[in-house]
Amino acid sequence: MILAPLFGYLGDRYNRKYIMCVGIFFWSLVTLVSSFISKEYFWLFLLTRALVGVGEASYSTIAPTLIADLFLSDQRTRMLSFFYFATPVGCGLGYIAGSKVTSTAGGNWHWALRVTPGLGLIAVLLIVFLVKEPPRGAIERKMDQPLANTSWLSDVKALLRNPSFVLSTFGFTTVAFVTGSLALWGPTYLMRSRKVIYSQEPCTEAICDYDDSMIFGAITCLTGILGVLTGVEISKRYRKTNPRADPLVCAFGLISSAPFLFLSLALADTSLVATYVFIFIGEALLSLNWALVADILLYVVIPTRRSTAEALQIIVSHLLGDAGSPYLIGVISDRVKEGKPASYLLQMRSLEYALMLCSFVGVIGGGFFLATALFIEKDRKKAQLFSQGVLPIEETDSERIVVPKRGRSTKVPVSSVLI
């Protein structure tokens with residue numbers, strides 16, 4: 001969160017390819033270092049895990065803007081869907097690989113942290129030798145003159161006055177809230193449900209939920225692929241009849257996922273199979289919006305502000321989303337258990353009640369996307385006019401354009417010129 005604005009500023013002004021390489025290399029390095037820290041230096045371990053965020057700050061703020069400068073329209077949405085497989089699929093593979101490597105290493109979870117640095121090195125080499133740095137906005141503009149940058153403060157002010165960007169960011173924040181809660185507490189809740197249903201004895205191992213982590217990871221991978229592809233395809237078809245398709249599909253995904261997530265919790269003490277089925281459906285619906293939210297940002301924000309916009313979205317979605325949601329769920333669960341005799345059922349039930357908050361947050365997120373649909377056409381047209389060189393950058397915020405009038409120039413609303 002702290003470094004995202006810095007990388008957003010750099011990504012709008014300097015070579016994005018090498019900024020990403022530095023971030024991914026540092027990301028991999030601190031991950032590898034953290035696996036060798038002993039428990040006596042827990043503070044250092046915590047610091048190195050926090051520094052992993054440097055990788056996200058550098059990569060997540062910049063990579064989508066490269067895709068935006070290489071592709072247009074439906075092709076851009078399709079390529080973003082491939083890119084955003086990384087979030088749910090990578091998360092799911094993390095559960096699977098982490099639990100498998102830990103199990104193979106005899107319960108030593110440190111080895112799980114030694115897998116990703118090698119993958120990070122491969123990513124750096126691929127970016128260095130295969131990725132090209134396209135000019136910002138070149139594919140969208142119809143003139144040879146390069147786009148001019150404004151100051152960072154001007155960029156931020158303009159973004160805050162962009163209702164589609166602000167509302168879609170709050171909508172995506174609710175997605176981060178829900179997925180962050182499920183990522184941390186999902187396997188634990190499934191393990192507690194298994195104990196209640198099958199009356200298992202207390203676990204004495206260092207890590208007790210290998211099977212549930214594997215299953216939850218597989219569900220996350222499959223729903224990520226299915227949800228992202230389905231969301232893109234639905235939006236592509238719906239867009240032919242409704243230009244507001246993207247935010248409406250996002251709203252549908254969030255609102256419709258709420259009852260399925262609620263049912264997955266409510267039935268956990270009677271049938272794990274039903275719980276897995278409803279989690280699968282709920283996560284698939286949540287994944288409808290991953291690529292669409294990114295696409296919305298890219299077409300309502302002008303090319304020279306996109307990295308800054310990505311950075312602001314990361315700050316808000318983490319600060320109000322997955323940075324605090326797992327802690328909040330834990331606090332609610334502890335309060336529910338407070339003063340009651342300990343039992344497997346109470347452990348499961350307290351976490352169940354806490355996780356039900358996710359369903360309500362999802363509905364609120366759907367409301368933000370419905371509000372986004374009210375402004376999406378206007379903001380997209382404004383960004384498009386600037387990218388094509390029709391609308392000067394200094395006039396984008398006031399929605400006025402310079403035209404000749406009786407030998408002089410005057411400023412009139414863009415809408416009147418288009419009409």
Side-chain angles (χ1 to χ4, degrees), residues 60 63-64 67-68 71-96 168 171-183 186 215-264 274-299 313 317 358-359 361-370 372-373 376 380:
S60 298
I67 297 174
F71 305 99
L72 277 176
S73 191
D74 289 341
Q75 192 177 17
R76 175 193 287 174
T77 307
R78 191 176 300 113
M79 295 305 165
L80 285 171
S81 71
F82 288 121
F83 176 78
Y84 279 98
F85 280 160
T87 303
V89 175
C91 181
L93 290 175
Y95 283 111
I96 296 171
S168 63
F172 185 67
T173 299
T174 64
V175 177
F177 185 100
V178 175
T179 54
S181 300
L182 293 177
I215 296 171
F216 192 79
I219 288 174
T220 304
C221 280
L222 291 174
T223 55
I225 296 173
L226 178 65
V228 171
L229 284 177
T230 304
V232 168
E233 189 62 28
I234 292 174
S235 180
K236 177 184 174 183
R237 294 175 183 274
Y238 188 31
R239 204 180 289 162
K240 295 176 182 179
T241 57
N242 190 341
R244 302 174 179 180
D246 288 347
L248 291 177
V249 172
C250 291
F252 169 78
L254 271 170
I255 294 173
S256 59
S257 70
F260 291 103
L261 293 177
F262 184 87
L263 288 173
S264 71
T275 296
Y276 282 125
V277 169
F278 286 124
I279 287 178
F280 185 95
I281 299 172
E283 287 206 341
L285 291 168
L286 273 176
S287 299
L288 291 180
N289 62 63
W290 285 106
L292 299 182
V293 171
D295 203 16
I296 289 172
L297 182 148
L298 293 172
Y299 65 61
Q313 192 168 85
S317 62
C358 294
S359 296
V361 171
V363 173
I364 294 172
F368 280 121
F369 281 116
L370 289 175
T372 304
I376 196 78
R380 174 166 44 194

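Because the structure is predicted, anything quoted here is derived from the model rather than measured.
- Arg244 contributes a side-chain N or O that, together with a main-chain N or O of Ala373, makes up a donor-acceptor pair within less than 3.5 Å.
- By the 4.5 Å heavy-atom criterion applied to side chains, Thr77 and Leu292 are counted as neighbours.
- Proximity of a side-chain donor or acceptor of Ser235 to a complementary backbone N or O of Val232 within less than 3.5 Å is not detected.
- Distance check: Leu226 CG to Ile281 CD1 gives 10.5 Å after rounding to the nearest 0.5 Å.
- Considering every non-hydrogen atom in both Gly224 and Ser287, the closest pair reads CA-OG, 3.9 Å.
- Judged by distance alone, with hydrogens and angles left aside, the side-chain atoms of Thr230 form no donor-acceptor pair with the main-chain N or O of Gly227 at under 3.5 Å.
- The distance from atom CD1 of Ile279 to atom CG of Leu263, rounded to the nearest 0.5 Å, is 11.5 Å.
- Minimum interatomic distance between Ile255 and Gly366 (heavy atoms only, all atoms of both residues): CG1-CA, 3.7 Å.
- In this structure, the side chains of Phe71 and Leu80 stay at 4.5 Å or more apart for every pair of heavy atoms.
- Residue Asn289 holds its CG atom at 12.5 Å from CG of Asp295, rounded to the nearest 0.5 Å.
- Atom CD1 of residue Ile296 and atom CD of residue Gln313 lie 9.0 Å apart, to the nearest 0.5 angstrom.
- With no hydrogens or angles considered, a side-chain donor-acceptor pair links Tyr299 and Asp246 at under 3.5 Å.
- For the atom pair CD of Glu233 and NZ of Lys236, the computed distance is 5.5 Å after rounding to the nearest 0.5 Å.
- The minimum heavy-atom distance linking Thr174 with Gly171 is given by the pair OG1-O, 2.5 Å.
- In terms of heavy atoms, Leu288 sits closest to Val249 at CD1-O, 4.5 Å.
- With rounding to the nearest 0.5 Å, the separation of CZ in Phe280 from CG in Leu285 is 10.0 Å.
- In this structure, the side chain of Arg380 engages the main chain of Pro243 through a donor-acceptor pair within 3.5 Å.
- Between Cys250 and Val293, the closest heavy-atom pair is SG-CG2, 4.0 Å.
- Residue Phe252 places its CZ atom among 12 or fewer non-hydrogen atoms of other residues, nucleotides or ligands, all under 6.0 Å distant.
- Tested against Phe172, the residues Phe368, Phe177, Phe369, Trp290 include a single ring-ring contact (aromatic ring centres under 6.0 Å, His included) partner, Trp290.
- Although no hydrogens or angles enter the test, the distance criterion places no donor-acceptor pair under 3.5 Å between the side chain of Ser359 and the main chain of Leu261.
- When all heavy atoms are compared, the tightest approach of Val178 to Gly362 is CG2-N, 4.3 Å.
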Using the side chain to side chain contact (heavy atoms under 4.5 Å, CB included) rule, take Val363 and Leu254 through it: C-alpha gap first, then chi angles, then the decisive distance, then the call.
CA-CA 6 Å; Val363 173; Leu254 271 170; over 6 Å; no
